[in-house]
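Start at 1 and go down the list; that is how both ligands and their atoms are numbered.
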Amino acid sequence: MDFTLTPEHLMIQNLVRDFGQKEVQPTIKEWDRQQQMNPETLPRMAELGILGICLPVKYGGQGFDYIALGLVCEELEAIDTSLRVVMSVHMGLNSLAVLQWGTEAQKQRFLVPQAKGEKYAMFGLTEPGVGSDVANLASTAKRDGSDYLINGEKMWISLATKAHHILWFAKTDPNAKNPHEGITAFMIDAGTKGVTCGDLHGKLGVRAGSTGWVNCSEVRVPQENRIGEEGEGFKIAMSALDNGRYTVGAGAAGIIRASLEASVKYAKERQAFGKEIGKHQLVQQKIAYMVQRYEIARLLYLRAGWLKNLGRRNTRETSLAKWYITDASFESANEAIQIHGAYGYSDEYDVERYLRNSRGAIIYEGTSEIHQLMQAGYALGYREDGELRCELPKYDPKVWQEE
Ligand code: CAA
């Protein structure tokens, strides 16, 4: 077993760390206060190649592996969750689903501009009335000649007003005996007639991010935009979540690290009872737990990335990573506030933002409760992974770097 990061991994880690610290950190508090996404963020991420990081060069990507994607997410979220969320929807939930399930023509049409950062991508699964219970979503897609007419509402959609392509899930067979089998996936251009969208404000965290709603009213979509076969939508959504959850878990490791670094710094500056607070054992205990959580987080997400590189199914491992790390990031941010005392409770320090930002990830891309059910299901033998018609392609450096 080799835990060494390659020179390419270290290079991309440094590039993203540098971008975060020099370009994002100085103004992030202000964007967070204003509840706005910095308009420079997406174009800059595109320019740096991050938006196509783990996609093959022949599809406009950078040719790095899935571990690199995890490292990028950790670095981005160590600064602010809003940047990691971009990777979760644009890459994890959308682009990797097209890489996995799309036809060659769809890869050329959708993936290439997304990998180059010319187009941004989002994921339309959650609805006003459906979050965890995916199989019972309400949006519909009805055949009309060689097109589909799509209706429905999607809610809590990251990049709703910013992205160009949405991977939309709708019922093609609302009466299917097994509701999982009645769902189909479509790529919809956000500029299509009948698509409307808007932003949502007032969230607890990720305030410098873009979250909104997207509605479709009689939206005509040609069958060339259908991803996979009719009825394969549930599996496509779940496999996309295997990748989205990976980015969320890896990103949350960044919050743990940032909480730890901020706590160590503050514990050496602040004095109480005649000595720096780092010398007090109860502060040390909190710091020790952050170290422990960070190390476990790294092992869990890197294992999931390693399985992806090998082209092996990683639903269980990714779910475990996402569940553990998001819970651990919330606990770490909370304890970082405790170490900072009253200062941690104000936005003078970053730790209050870490706490607010960490909370959402315990809900989105599978609540912790859903992940507990999954883990128990695997342990008890009630859940097992079936065969898939299309698996996420195994990382092969030669294929990925081929022009
Ligand atoms: N990959 C591929 N196929 C999968 C799969 C996966 N990861 N997981 C399940 N499947 C397949 C199964 O093999 C099964 O196929 P067969 O019928 O051929 O055997 C089929 O899908 C049904 O699977 P399950 O029986 O496991 O389905 P379930 O009803 O037990 O549901 C669930 C499982 C765990 C509750 C699931 O619905 C789930 O994960 N819910 C949470 C959804 C979620 O994460 N929502 C978040 C939305 S996105 C978001 O948050 C982003 C944002 O921007 C806000």
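- Every atom of ligand 1 with a heavy atom of V134 under 4.0 Å away is listed here by number and element: 42 (C).
- Looking at I255 and S332, their side chains never come closer than 4.5 Å, going by heavy atoms from C-beta outward.
- With a 4.0 Å cut-off on non-hydrogen atoms, V85 does not touch ligand 1 at all.
- Shown here, atom 38 (C) of ligand 1 is in close reach of the protein: a heavy atom of it lies under 4.0 Å off.
- Relative to the six-membered ring of W101, R389 misses at least one condition, a distance below 6.0 Å or an angle of at most 45° to the axis.
- A salt bridge does not link E317 with K308: every distance from a Lys NZ or Arg NE/NH1/NH2 to an Asp or Glu carboxylate oxygen is 4.0 Å or more.
- Using modelled atom types, one finds a donor on one side chain and an acceptor on the other under 3.5 Å when comparing Q108 with E104.
- Taking atom 35 (C) of ligand 1 as the reference point, the nearest protein heavy-atom neighbour is I370 CD1, 3.9 Å.
- Between D347 and K29, no side-chain nitrogen of the basic residue sits less than 4.0 Å from a carboxylate oxygen of the acidic one, so the salt-bridge criterion is not met.
- Here the closest heavy-atom approach between residue A208 and residue D80 is recorded as CB-OD2, 3.9 Å.
- Considering backbone and side-chain N/O of Y364, none are found under 3.5 Å from N/O of ligand 1.
- Some N or O of G366 is nearer than 3.5 Å to an N or O of ligand 1, by distance alone.
- In this structure, a donor-acceptor pair under 3.5 Å is absent between the side chains of T318 and D242.
- Side-chain contact, K203 with T211: a donor N or O sits under 3.5 Å from an acceptor N or O.
- For a threshold of 3.5 Å applied to N or O pairs, the pair formed by E181 and ligand 1 contains no separation below that value.
- Ring planes of H90 and Y120: perpendicular class, angle over 60° (limits at 30 and 60°).
- Every atom of ligand 1 with a heavy atom of G131 under 4.0 Å away is listed here by number and element: 42 (C), 45 (N).
- Those atoms of ligand 1 with a heavy atom of T315 less than 4.0 angstrom away are 7 (N).
- Residue E365 has at least one N or O atom closer than 3.5 Å to an N or O atom of ligand 1.
- When the options E387, R383, K235, Q100 are ranked by their closest heavy atom to atom 18 (O) of ligand 1, first place goes to K235.
- Looking only at atom types and distance, the side chain of H9 has a donor-acceptor partner in the side chain of T6 under 3.5 Å away.
- Using modelled atom types and a 3.5 Å distance limit, the side chains of Q223 and D147 yield no donor-acceptor pair.
- Near D242, meaning under 4.0 Å from any of its heavy atoms, are these atoms of ligand 1: 1 (N), 6 (C), 7 (N).
- The atoms of ligand 1 that sit less than 4.0 Å from any heavy atom of S132 are 37 (O), 40 (N), 41 (C), 42 (C).
- For ligand 1, the polar-atom distance check against E384 finds no nitrogen or oxygen pair separated by under 3.5 Å.
- Checked by distance only, ligand 1 and R313 come closer than 3.5 Å through their nitrogen or oxygen atoms.
- For atom 13 (O) of ligand 1, the nearest protein heavy atom (residue, atom name, distance) is G386 N, 3.8 Å.
- Only the side chain of H180 comes within 4.0 Å of ligand 1, judged by heavy-atom distances.
- Using modelled atom types and a 3.5 Å distance limit, the side chains of N357 and E77 yield no donor-acceptor pair.
- Taking 4.5 Å as the limit, some side-chain heavy atom of E230 sits within range of a side-chain heavy atom of R143.
- If you check which protein heavy atom lies closest to atom 9 (C) of ligand 1, you get M238 CG, 4.0 Å.
- F234 CE2, 3.6 Å is the protein heavy atom nearest to atom 23 (O) of ligand 1.
- For S158, the heavy-atom gap to ligand 1 drops under 4.0 angstrom.
- Protein heavy atoms are found inside the 4.0 Å sphere centred on atom 15 (O) of ligand 1.
- Within the 4.0 Å heavy-atom criterion, the part of L388 lying near ligand 1 is the side chain and not the backbone.
- Ring pair F123/F169: centre-to-centre distance below 6.0 Å.
- For L241, the closest heavy-atom approach to ligand 1 falls below 4.0 Å.
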Walk me through whether Y294 and E74 qualify under side chain to side chain contact (heavy atoms under 4.5 Å, CB included).
CA-CA 11 Å; Y294 179 61; E74 180 184 326; 2.5 Å; yes

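- Side-chain atoms of T184 and T172 form a donor-acceptor pair, as typed in the model, at a separation below 3.5 Å.
- Near W156, the atoms of ligand 1 lying under 4.0 angstrom from a non-hydrogen atom of the residue are 52 (C), 53 (O), 54 (C).
- Remark: ligand 1 atoms within the under-4.0 Å shell around heavy atoms of T126 are 47 (C), 48 (S).
- Ligand-side atoms of ligand 1 in range of S239: 1 (N), 6 (C), range being under 4.0 angstrom from any heavy atom.
- For M122, the closest heavy-atom approach to ligand 1 does not fall below 4.0 Å.
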